[in-house]
*Asks:* 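One structure coming up, written as structure tokens, with questions to follow.
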Protein chains: 4
Amino acid sequence: MPKIVDHDQYRKELLSKSFDLFAQKGYGSVTMRQIAQSLAVSTGTLYHYFPSKQVLFEQLVEEISQQDVSAALAELEGTQTLSESMTALGRYLVKNEDYFIKWTYIWVNFCQHQDSKTMLNSSVLKHANKRYQQAACNVLGVEDPVLATFLLSFVNGLILEKLWGDETIDFIEQCRLLGKMLMVYLQDKIN
Amino acid sequence: MPKIVDHDQYRKELLSKSFDLFAQKGYGSVTMRQIAQSLAVSTGTLYHYFPSKQVLFEQLVEEISQQDVSAALAELEGTQTLSESMTALGRYLVKNEDYFIKWTYIWVNFCQHQDSKTMLNSSVLKHANKRYQQAACNVLGVEDPVLATFLLSFVNGLILEKLWGDETIDFIEQCRLLGKMLMVYLQDKIN
Amino acid sequence: MPKIVDHDQYRKELLSKSFDLFAQKGYGSVTMRQIAQSLAVSTGTLYHYFPSKQVLFEQLVEEISQQDVSAALAELEGTQTLSESMTALGRYLVKNEDYFIKWTYIWVNFCQHQDSKTMLNSSVLKHANKRYQQAACNVLGVEDPVLATFLLSFVNGLILEKLWGDETIDFIEQCRLLGKMLMVYLQDKIN
Amino acid sequence: MPKIVDHDQYRKELLSKSFDLFAQKGYGSVTMRQIAQSLAVSTGTLYHYFPSKQVLFEQLVEEISQQDVSAALAELEGTQTLSESMTALGRYLVKNEDYFIKWTYIWVNFCQHQDSKTMLNSSVLKHANKRYQQAACNVLGVEDPVLATFLLSFVNGLILEKLWGDETIDFIEQCRLLGKMLMVYLQDKIN
DNA sequence: CATGAATGAGGGTTCATTCAT
DNA sequence: TATGAATGAACCCTCATTCAT
């Protein structure tokens with residue numbers, strides 16, 4: 001009977017624990033020792049689960065990208081009107097602000113390392129993108145890719161502004177504004 | 001008499017030339033040798049102008065933040081209606097897409113290194129923020145900070161989506177959509 | 001299970017092996033690479049055992065200062081008269097000439113680097129000093145600090161003269177001279 | 001008319017000003033920039049007067065070794081008895097303690113660098129040695145090389161003890177002790 | 001003569017990675 | 001499996017030295 005019941009699960013555990021470190025320092029500035037230390041394992045063990053720093057990072061990104069968006073979006077369900085949805089979205093952003101900022105750091109880091117190499121791995125990016133598009137459509141209740149992109153961009157931008165240290169930003173206020181704009185826009189479109 | 005060099009101007013020249021490299025590789029993954037090589041100087045010379053990699057990077061960020069936003073935004077002037085403004089904005093983004101993506105990489109890298117240290121330097125961030133807010137108001141023709149933030153977030157988000165490799169995004173289409181939404185929204189507000 | 005190494009003992013082994021190099025070249029002129037090479041390890045290994053060149057050197061000094069003086073002086077025991085003691089001392093110096101010269105180089109280097117910094121570490125110096133004083137008293141068979149200092153100074157000076165390249169110096173002759181002087185002096189004091 | 005009346009004199013001025021720096025930091029740890037700065041000239045100027053750091057140092061040593069010993073020893077003249085001479089010697093050491101310590105640092109550094117290279121330059125050492133021997137004979141009033149070496153060693157040793165941080169040492173007391181010992185010794189020899 | 005910008009080899013130190021245990 | 005000692009290339013940075021002005 002091995003000590004660790006599930007090799008793969010332990011691997012994922014290590015990945016999720018290394019998330020913060022990569023987000024805070026950036027890929028190029030974290031060392032394998034630091035990671036090992038923060039995971040309370042030896043470097044040898046780290047290399048037992050991941051063949052290289054590069055791969056570790058890529059698996060981390062993949063892990064993030066596979067976290068089920070729909071599950072998260074369940075929180076936004078049960079809302080009837082667009083207005084309610086947007087308010088819920090605002091609250092959701094506020095609640096997970098830290099996570100989203102870290103998430104943004106990691107993705108940006110990942111892309112920064114991708115475009116200097118083969119963009120083969122971009123499949124993970126593209127796949128993630130699709131799911132976010134779909135999620136946006138669900139939230140909006142409209143199957144319009146342009147509008148979905150609009151929503152995603154806006155949300156990304158809000159996070160980015162926060163990441164840049166603008167503490168005056170009010171996610172809820174902003175989302176409410178978006179809600180109003182969407183409503184009058186869609187209304188207008190129908191007429 | 002020493003070699004005649006305008007020390008400060010040369011320094012700025014080196015800074016602007018190092019922009020691309022930092023954007024492509026990220027702070028932690030660029031080496032001083034690479035920078036020196038891409039600037040066609042020796043490492044010694046690099047250190048003659050910058051006391052450390054850290055400082056070089058910080059000065060680069062400062063340099064970027066001091067590039068005159070208003071001059072750039074002059075391009076958007078001469079537009080009469082909001083609709084025209086937004087279309088112009090879209091074209092502007094398309095034209096400078098590469099620059100904005102690099103610009104985003106650099107700022108994100110900068111923030112990533114800041115928050116592990118004293119956030120004292122955030123003055124440069126805050127200052128830059130203010131100017132972007134003002135620029136947004138100018139473009140909108142409305143002095144509403146919430147709306148300005150809305151616009152900025154949206155634009156940031158668009159860039160970010162592009163940065164993430166979504167090549168399907170159409171800046172012009174998105175900006176036109178934003179234009180429409182703003183119009184009906186502002187109209188509705190008046191009534 | 002890791003490689004089994006007696007970390008501390010190996011550290012001391014490395015220290016004693018680096019003694020010659022520091023003595024020959026001087027602190028500021030030895031490189032860590034040279035040290036590593038002469039110890040037949042990699043620089044990485046060197047840094048595994050010592051956090052810095054500075055600390056390596058300081059530990060070397062400490063190691064030297066802890067070498068048991070009394071054990072060495074046992075050689076001088078078994079002598080009955082002052083005259084015999086001094087002759088023994090002379091032979092002792094001749095036998096260990098090389099070591100004492102190196103020893104002097106190292107201590108001088110150490111002091112040279114101390115006085116530009118906090119003299120906190122001087123504890124090691126003071127402690128060593130005391131033990132040498134005591135050893136001098138033992139050799140003299142007299143508990144007179146002034147006389148002890150006299151002896152120590154003389155011995156130090158002899159080494160120093162040798163260090164300076166004076167090959168004509170004859171330790172035994174000099175020590176015999178010292179012996180005579182001490183004898184007539186002590187005799188005279190009694191009368 | 002050149003700015004500097006006498007090239008050679010200016011060179012010596014630079015040398016004597018660099019004395020302290022070499023003494024404090026040690027040959028291997030001083031940089032040409034530091035020297036230039038402390039001399040308030042540019043590195044270029046430094047190299048105008050000295051072809052290399054090595055040569056600068058060697059010339060410094062030579063300069064030291066050529067400082068007229070006899071002139072300095074004039075202070076000890078006018079003493080009648082050995083006892084008086086020794087007391088004068090003690091005062092002389094006290095007065096010039098700092099200088100002698102620095103002097104020792106420099107010489108030790110010099111030797112440290114010599115023995116790893118060709119000992120050709122030892123001529124300067126040998127020459128200096130001879131003059132010190134002669135000076136010692138003068139002070140003693142006896143033309144005995146062994147006794148001269150004895151005196152020199154003792155004085156060297158006193159300085160060395162001070163250099164090592166032993167602040168309890170009393171040069172005058174020690175020299176007086178030496179005086180007594182010499183007296184009874186010489187007296188005894190005659191009988 | 002004097003300056004200080006420029007160089008690039010080399011210094012101290014770190015790091016991803018390997019491997020004996 | 002798990003460990004951490006070991007490696008050496010590569011990192012950031014410094015230095016003696018050169019040379020255009």
Side-chain angles (χ1 to χ4, degrees), chain A residues 1-4 7 10 28-37 40-57, chain B residues 1-7 10-11 28-37 40-56, chain C residues 1-7 10-11 28-37 40-56, chain D residues 1-4 7 10 28-37 40-57:
Chain A
M1 198 169 30
K3 204 161 142 198
I4 300 302
H7 180 105
Y10 190 50
S29 301
V30 188
T31 72
M32 287 301 261
R33 273 214 234 304
Q34 283 170 349
I35 297 170
Q37 205 154 9
V41 299
S42 65
T43 57
T45 299
L46 207 52
Y47 274 88
H48 184 71
Y49 287 94
F50 309 95
S52 72
K53 185 186 177 184
Q54 173 91 333
V55 167
L56 164 52
F57 182 58
Chain B
M1 244 183 305
K3 278 186 193 171
I4 288 174
V5 176
D6 185 332
H7 188 102
Y10 192 45
R11 216 196 76 241
S29 301
V30 192
T31 75
M32 286 302 258
R33 277 206 237 297
Q34 284 170 349
I35 297 170
Q37 203 155 8
V41 298
S42 65
T43 58
T45 298
L46 209 50
Y47 278 91
H48 186 70
Y49 288 93
F50 309 97
S52 72
K53 184 185 179 184
Q54 171 93 307
V55 168
L56 165 53
Chain C
M1 245 182 303
K3 278 183 192 172
I4 288 173
V5 176
D6 185 332
H7 188 102
Y10 191 46
R11 214 195 79 241
S29 301
V30 193
T31 74
M32 287 300 262
R33 281 201 236 301
Q34 284 169 350
I35 298 170
Q37 201 155 9
V41 299
S42 64
T43 56
T45 299
L46 208 50
Y47 278 90
H48 186 70
Y49 287 94
F50 308 97
S52 72
K53 184 184 180 186
Q54 172 91 315
V55 167
L56 163 54
Chain D
M1 200 168 34
K3 204 159 143 197
I4 300 303
H7 181 105
Y10 189 51
S29 300
V30 189
T31 74
M32 287 300 260
R33 272 212 236 305
Q34 283 170 350
I35 297 170
Q37 204 154 11
V41 299
S42 64
T43 57
T45 299
L46 207 52
Y47 275 88
H48 184 71
Y49 287 94
F50 309 96
S52 72
K53 184 185 178 184
Q54 173 93 327
V55 167
L56 164 53
F57 183 58

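Scope of the values below: all heavy atoms of this structure, side chains included, with no hydrogens, waters or symmetry mates. All figures in this text were calculated on a predicted structure; none of them were measured in a lab. A, B, ... follow the sequence lines: proteins, then strands. Residue 1 opens every chain.
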*Asks:* Starting at atom CD of B:Q37, determine the distance to atom C1' of E:dT7, rounded to an integer number of angstrom.
*Replies:* 14 Å
*Asks:* Closest heavy-atom contact between D:V55 and D:S52?
*Replies:* N-OG, 3.1 Å
*Asks:* Please step through side chain to side chain contact (heavy atoms under 4.5 Å, CB included) for the pair B:H48 and B:R11, ending with a clear verdict.
*Replies:* CA-CA 10 Å; B:H48 186 70; B:R11 216 196 76 241; over 6 Å; no
*Asks:* How many whole angstroms separate atom CZ of D:F57 from atom P of F:dA16?
*Replies:* 14 Å
*Asks:* Would you call C:L56 and C:M32 a side-chain contact if the rule is heavy atoms closer than 4.5 Å?
*Replies:* yes
*Asks:* I want to check one thing: is the phosphate of E:dC1, taken as OP1 and OP2, less than 4.0 Å away from some side-chain N or O of D:H7?
*Replies:* yes
*Asks:* Tell me whether the side-chain N/O atoms of D:T45 come closer than 4.0 Å to OP1 or OP2 in E:dT3.
*Replies:* yes
*Asks:* Please find the pair of heavy atoms, one from B:L46 and one from B:A36, that lie closest to each other, and give the distance.
*Replies:* CD2-N, 3.8 Å
*Asks:* Using OP1 and OP2 only, check whether a side-chain N or O of D:Y10 sits under 4.0 Å from E:dC1.
*Replies:* no
*Asks:* In dot-bracket, 5' to 3', how would DNA chain E read with Watson-Crick or G-U wobble pairs under 3.5 Å, [ ] for crossing ones and | for pairs to another strand?
*Replies:* .||||||||||||||||||||
*Asks:* Examine distances only and state if a side-chain atom of B:T31 and a backbone atom of B:Q34 form a donor-acceptor pair shorter than 3.5 Å.
*Replies:* yes
*Asks:* Fit a plane to each ring of C:Y10 and C:Y49, take the angle between them on a 0 to 90° scale, and name the class: parallel (under 30°), tilted (30 to 60°) or perpendicular (over 60°).
*Replies:* perpendicular
*Asks:* When the distance from CG of A:L46 to C1' of E:dA16 is rounded to whole Å, what number comes out?
*Replies:* 11 Å
*Asks:* Would you mind telling me which of E:dA2, E:dT3, E:dA5 lies closest to the side-chain atoms of D:H48?
*Replies:* E:dA2
*Asks:* Give me the atom names and distance for the closest heavy-atom approach of C:S29 to D:G28.
*Replies:* OG-CA, 3.5 Å
*Asks:* In terms of side-chain heavy atoms of C:S42, which of E:dA2, E:dA6, F:dG8 is nearest?
*Replies:* F:dG8
*Asks:* I'd like to compare against my own output: the B/S/- annotation of nucleotides 10-15 of chain E with a strict under-4.0 Å heavy-atom distance to protein.
*Replies:* BBBBBB
*Asks:* Start with the C-alpha distance between D:F50 and D:T45, add both sets of side-chain angles, then the distance that settles side chain to side chain contact (heavy atoms under 4.5 Å, CB included), and finish with yes or no.
*Replies:* CA-CA 9 Å; D:F50 309 96; D:T45 299; over 6 Å; no
*Asks:* Not counting sequence neighbours, which residues clear salt bridge (Lys or Arg N to Asp or Glu O under 4.0 Å) with A:R33? List them please.
*Replies:* none
